Amino acid sequence: MENQAIINKNIRITGIVQGVGFRPFIFNLAKSHNLKGYVLNDTQGVLIEVEGEHDVINKFVNSIKTDAPIHSKIDNIMVDDGALKEFSGFEIKKSAANGSKNTNISPDLATCADCEKELFDKENFRFRYPFINCTNCGPRFSIINDVPYDRKNTSMKDFTMCEVCQKEYDDPSDRRFHAQPNACPACGPHYALYDNRRNKIEDKDPIAKATEFLKIGKIIAIKGLGGYHLAVDAQDNFAVKTLRDRKFREDKPFALMAKNIEMIKQVCYVNEKEEELLKSAASPIVLLERKESDLISNFVAPKHKTLGFMLPYMPAHKLILEHMPYIVMTSGNKSNEPVYYKDEDAFYHLKDIADYFLAHNREIVRRCDDSVVRVFNRRPQILRRSRGYVPFVLKTDIEFKKPALAVGAHLKNTFAYGFGNKIVVSHHIGDLDNLETYDAFVSGINDFSKIFDVIPEVIAHDMHPDYLSSQYSYDEKLPKVSVQHHHTHIAACMCENKLNEKVIGVAWDGTGLGADNTVWGSEILIADYKGFERAAHFDYLNLPGGEKAIAEPWRIALAALYDIYKEHLLDFNFAFLKNKDKEEVDFLIDILKKDVNIVKSCGIGRLFDAVSAILNVCGEVNYEGQAAIELEQAIDINVRDYKNYYDYVINYETKPYVASYKEIISQVVDDLIINKLGVGSISAKFHNTLAMIIFDIVLRLSRDTGINKIVLSGGAFQNIYLLHRVCQKLRKFEFEVYTHGNFPPNDGCISLGQLAIAGTRD
Ligand code: ZN
Ligand code: ZN
Ligand code: FE
């Protein structure tokens, strides 16, 4: 065969190519192709210069595409001609700091199988070392201070590698070659055990000691990847109950961690997709349908038919769960505060909750909660997008003429940046009315600006002037785009599904400020990025006493009933009113009569609240959305007849069209009081009715406009029964239905929608 001429090529690779074993992969690939040159990380990604024969270089580039490390994600490979330099070998060069920072940072990755093997291998010098990691696994996002992703830019900079670790790090054939967090018992971070007054408990194996404490029912605060967890034996009723009491967390379900997938299958139904998610590098909490079993304490998820499970994703978790089948792993915080991730804060705030602290001496650079995901129609649907998914950069069809910042909503806040044709959405920040969370929001905005090197020139915010995110944007001296909340929901779902045309958008959620200054939340819109028309909504419900009614749904129930029966509502002897103070009931009826001190809302969440309270499922909530969630959980799954729904009335004479709740509630009352139907059946019928109403209105609007694409967003679509019913009904009639998948349907998607709208405004 004739020899070809030696040529020089510059290969530029962008995407998630740092911190995922990319350079060693390139090094070995180049060696095996006998190519000369070098590879380096820079702020734009990976740069390769190679010299060799044309065909060989082609093969090399193809192998990059097909054989790239599992956790890498290549956005683009650009190959250019270069001048011949006559390299003598192939090497990995030191990272260069240059120009704009464009590289993607990898999310934190769950411990890989190779590292796990070493962790439990008595012969290995990292046997039981809880910080074992490699180029395929370990901390990333949670330890990075700056790009490029190099040890000196991470919180591993405090640990100098020993000779052995350094040798692995420098050896291109080693699986820890350039693994930035590389460490061993001799040189790396360590765990230590403390009591709740921060006295160190001397023990040569603090993790084993902590496990012993867990087994006798103690509560342990465990420092992890993105913050502290509170852990307790999930089979120990008393311990779980104690954790609830100390945390002031009455009903909200706790997340669980199981030893392995088999243990999860003992207590939950797990399909193939769910198993895949549980075992993925992101290792999220996966919501699973629970089996009848008494292996898990009933205090873990009272009234819930699902359990949230994750698998051990850090070596320390694996060591603890070696000897326990299940532990509760709930966020290390006090009721409404964000998860603590700094040692000082954790020790101070959790001292009355945890009995012991299992802490380590590697700094967590930024807080990052566990992500929450479920599988819907065989696709993952993220409900809380954080560890393992952030900070993935998304390519979009939207071209940002100016870099934009979107500050998100007030609750379940996330923020986002748009630049070029890219979008990066932050991790879950939380509810901004908490000072700590607000600080995390502000510092997060600056943090992302630094690591993605983007200086915003425009800010998108919610129309609601009281959202602290909106107020943050008012203080910035930049042009602003103010966006209506429900329009934003639809835009977010459109953006995720790469739709850029007029759609029928169903935005059903709790509350959001409407364009007419009233409270919306059952909106059906004709919308595109540029604007929207409010095409339909539910009737407004009365919220006597305003805000307070959201925490006490029984007040909304009373108001809805008053609307239908006036004072006669008392004749029904509703169970939910039995233990209510008579004076308070009379007072509420009085303000309803006089129509004073009442906020009106058409948020669908409030209708769920009213029905949930009337059925005595939940009249007072201690976490957001509880009444609606428990109403869904109450559905009798044996009632499979979807045709079983209430008569409903939609007024098509008005614009926008209005659906009426009165008929629905009076039939609910008939079923409850006269027909003595079970709560499970009534709840199913109620859900079916809402699905029918959406279908009815969509059908009508589609006839009006010719639009066939239906977009569903808003917190109400976290309700899987409703989502399922609506999708099924609409798809049967050949509508194209689009739902969320990579972003939550709740307000966690608002920053994404704001960006999409801001990016398409001229
Ligand atoms: Zn590994
Ligand atoms: Zn070492
Ligand atoms: Fe919302």
Side-chain angles (χ1 to χ4, degrees), residues 19-21 24 69-71 106 108-119 124-126 129-140 151 156 159-170 174-177 179-190 281 283 313-315 318 408-414 431 462-464 467 469 483-493 505-514 519-523 525 601-606 624-625 628 712-718 740 743-754:
V20 288
I70 39 171
H71 300 312
S106 163
D108 298 313
L109 303 167
T111 306
C112 74
D114 290 337
C115 287
E116 179 168 7
K117 214 182 279 163
E118 290 184 11
L119 180 69
N124 195 285
F125 78 108
R126 288 194 181 87
Y129 179 57
F131 295 88
I132 190 167
N133 69 83
C134 72
T135 49
N136 277 326
C137 76
R140 301 287 186 271
R151 191 165 175 114
M156 283 302 291
F159 304 92
T160 309
M161 274 185 277
C162 69
E163 253 175 63
V164 186
C165 288
Q166 187 69 49
K167 215 177 138 226
E168 293 171 328
Y169 184 90
D170 291 332
D174 197 280
R175 66 184 195 87
R176 296 203 167 82
F177 179 57
Q180 304 306 336
N182 191 26
C184 79
C187 67
H190 284 280
S283 192
Y313 56 84
M314 288 180 84
K318 292 184 192 285
H410 187 73
L411 299 178
K412 297 191 169 69
N413 177 274
T414 59
D431 299 349
D462 197 278
M463 219 174 233
H464 203 309
Y467 281 10
S469 52
V483 216
Q484 199 280 322
H485 189 86
H486 303 96
H487 180 207
T488 315
H489 268 295
I490 299 308
C493 192
V506 184
W508 275 20
D509 69 356
T511 45
L513 185 64
V519 184
W520 292 7
S522 51
E523 311 316 303
L525 313 173
S601 163
C602 71
I604 201 69
R606 303 293 83 84
E624 200 208 342
L712 309 177
S713 184
F717 292 110
Q718 293 175 109
H740 286 284
F743 291 88
N746 60 47
D747 281 5
C749 77
I750 288 296
S751 59
L752 177 68
Q754 290 171 343

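Just so you know, residue 1 is the first one in the sequence shown, and it goes up from there. Indexing begins at 1, ligand by ligand and atom by atom, following the structure's order. As the structure is a prediction and not an experimental result, all values here were calculated from the model.
Distance alone, capped at 3.5 Å, is enough to place a donor-acceptor pair between the T111 side chain and the Y313 backbone.
Ring to ring, F131 and H190 are not that close: their centroids are 6.0 angstrom or more apart.
Of all N, O or S atoms in H485, the one lying closest to the Fe ion (ligand 3) is NE2. For D747, the N, O or S atom closest to the Fe ion (ligand 3) goes by the atom name OD1.
Of the angles at the Fe ion (ligand 3), the one spanning NE2 of H489 and OD2 of D509 is 100° when given to 10°. At the Zn ion (ligand 2), the angle from SG in C162 to SG in C165 is 110° when rounded to 10°. Taking the Zn ion (ligand 1) as the apex, the angle formed with SG of C134 and SG of C137 is 120°, to the nearest 10 degrees.
Listed here is the closest heavy atom pair of C602 and W520: SG-CA, 3.7 Å.
For the side-chain hydrogen bond (donor to acceptor under 3.5 Å, both in side chains) with D747, the qualifying choice from H489, K412, H410 is H489, the only one to do so.
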For H740 and F743, run ring-ring contact (aromatic ring centres under 6.0 Å, His included): C-alpha distance rounded to whole Å, both residues' side-chain angles, the deciding distance at 0.1 Å, then the answer. CA-CA 6 Å; H740 286 284; F743 291 88; 7.8 Å; no
